[in-house]
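Excluded from the calculations below are hydrogen atoms, water molecules and symmetry mates; all remaining heavy atoms, backbone and side chain alike, are included.
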Amino acid sequence: MTHTDVPRAVPRWRRRFAVVIGVLVTLAACITIRYFWGAAPASAEPQDAQETTAAPQRPQAPVARAPDVPASGPQAKVAALVNGETISREDLANECLRHYGQQVLESVCNKFLIILECQRQNVSVAQEDVNAEIERMAKRFKLPVDQWLKMLKQERGINARQYANDIIWPTLALRKLAGERLAITPEEVRVEYETVYGPAVKGRIIVCNNLQKAQRTRADVAARPAEFGNLAKERSDDPTSASLKGLIQPIRMHSGNDQIEQVAFQMKDGDISEVIPVAGQYVIFQRESLVPARDVAPKDVQPHLEELVRERKLRGVAN
């Protein structure tokens, strides 16, 4: 169900940081393997690290070494010693495969797909391109590159090498592979502007898993509109919004379910909607207030809007 998270008071730069890195990590999730990838296609040369990597090779699992355990001989098969009992590397590997094997295998396969497609289309990403993209990202947050990389490490646990090889390189490769599919139209920019800077509707919802329950609940909240929040807590089948008495994020234009959005913007403050079928569930919405559009000139934010559209299209290309 969309619009079920309550907005928190987070500094603007941290929200932007989380959004940007969230997009990049989402892209990287299907094309990277952080600990089981050997060499990578390209890397940045951070100002404080000057790290480089070789051309992409077949991924190999690194040789893990537990502290104080020799890498050869009988003890090499021991991963840990617990109260005199040994945990073998085979046991450890089996547990890793059981918990993360499918995710890791999918990551390896997806990264190979991108590399192979780059080879098929004769597409390459130079290290200079990676460096330039890292610098561009740092400038978005008005930070020097070394401070940007330090923030990534502190906030997300991503070091400079991982960031360059497992996030930036695949992103640039996908952009080149996507080609004209990343072209942006004025209409797409207009829609993005309305989503980001346009008006929004604040309200509460009750979600029911069957129509009969929704109809009974709708009759009850219509008779007692002031009790909507309490009824949402008691009856809603959506635990997230129910725990907050039905409170959801403000509904923005073009950003969620079209049916709920259309109803919300047509209602008046205090109105309660009819039962709205949504993805096999039934929603009752109470409008509380309208959040006015922000006073921002479209031309002043056009580059930012174009980048948002491009990143969303890139996620589609990645899929």
Side-chain angles (χ1 to χ4, degrees), residues 1-26 29 99-100 102-103 154-157 194-294 308 311-312 315:
M1 181 60 58
T2 57
H3 308 302
T4 55
D5 296 327
V6 178
R8 297 182 175 85
V10 181
R12 181 176 297 177
W13 74 268
R14 286 188 178 274
R15 290 200 303 269
R16 289 185 60 204
F17 174 78
V19 169
V20 172
I21 297 305
V23 169
L24 292 175
V25 171
T26 299
H99 289 286
Y100 308 109
Q102 183 175 354
Q103 177 183 349
Q154 293 175 342
E155 298 279 344
R156 298 287 170 169
E194 291 179 348
T195 300
V196 178
Y197 299 103
V201 175
K202 295 177 66 176
R204 299 175 188 267
I205 61 171
I206 298 175
V207 182
C208 298
N209 288 335
N210 66 76
L211 180 58
Q212 292 72 24
K213 178 181 178 181
Q215 291 172 334
R216 292 195 302 269
T217 301
R218 203 278 172 187
D220 289 342
V221 296
R224 297 179 289 161
E227 292 295 310
F228 192 99
N230 291 329
L231 288 170
K233 183 176 181 179
E234 294 172 4
R235 303 189 189 180
S236 181
D237 293 321
D238 175 44
T240 302
S241 60
S243 67
L244 301 168
K245 293 188 174 183
L247 187 64
I248 59 174
Q249 280 190 348
I251 298 174
R252 310 201 70 87
M253 300 175 68
H254 318 294
S255 64
N257 181 272
D258 292 340
Q259 294 168 286
I260 295 179
E261 178 187 316
Q262 184 177 8
V263 170
F265 277 93
Q266 290 177 347
M267 294 169 63
K268 296 179 181 179
D269 293 353
D271 284 355
I272 296 173
S273 74
E274 298 295 333
V275 175
I276 308 170
V278 178
Q281 293 180 306
Y282 302 89
V283 175
I284 306 160
F285 178 74
Q286 182 184 50
R287 171 164 159 163
E288 293 190 340
S289 62
L290 181 69
V291 180
R294 295 163 60 183
L308 291 177
E311 287 173 346
R312 184 168 58 252
R315 290 196 296 273

State, with a plain yes or no, whether a side-chain heavy atom of [X] is found less than 4.5 Å away from one of [Y].
X      : Y      : answer
Val275 : Val283 : no
Pro199 : Met253 : yes
Val201 : Val291 : no

Nearest heavy-atom contact between Phe285 and Phe228 is C-CZ, 4.3 Å
Residue pair Ile276 / Gln259: nearest heavy atoms and the distance that separates them: CG2-CB, 4.0 Å
Intermediate values then yes/no, side chain to side chain contact (heavy atoms under 4.5 Å, CB included), Ile205 and Ile284: CA-CA 6 Å; Ile205 61 171; Ile284 306 160; over 6 Å; no
Verify, without hydrogens or angle tests, whether [X] (side chain) and [Y] (backbone) share a donor-acceptor contact under 3.5 angstrom.
X      : Y      : answer
Ser236 : Ala242 : no
Arg252 : Gly198 : yes
Lys213 : Val207 : no
Glu261 : His254 : yes

From [atom1] ([X]) to [atom2] ([Y]), nearest 0.5 Å:
X      : Y      : atom1 : atom2 : value
Cys208 : Arg218 : SG    : CZ    : 12.5 Å
Arg204 : Ser241 : CZ    : OG    : 10.5 Å
Ile248 : Glu288 : CD1   : CD    : 9.5 Å
Asn209 : Asp237 : CG    : CG    : 4.0 Å
Lys245 : Ile206 : NZ    : CD1   : 12.5 Å

Looking at residues at least two apart in the chain, or sitting in another chain, which of them share a side chain to side chain contact (heavy atoms under 4.5 Å, CB included) with Glu227?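 Listed in chain order: Arg224, Asn230, Leu231.
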Is atom NZ of Lys202 surrounded by more than 12 heavy atoms (other residues, nucleotides or ligands) closer than 6.0 Å? no
From CA spacing to verdict: side chain to side chain contact (heavy atoms under 4.5 Å, CB included), Leu244, Lys233: CA-CA 7 Å; Leu244 301 168; Lys233 183 176 181 179; over 6 Å; no
Check ring-ring contact (aromatic ring centres under 6.0 Å, His included) between Tyr282 and all other residues, then give those that pass, not counting sequence neighbours. none
Side-chain polar contacts of residues 262-272 - donor-acceptor pairs under 3.5 angstrom, sequence neighbours left out - could you list them?
from   : atom 1 : to     : atom 2 : distance (Å)
Asp269 : OD1    : Arg287 : NE     : 2.8
Asp269 : OD1    : Arg287 : NH2    : 3.4
Asp271 : OD2    : Lys268 : N      : 3.0

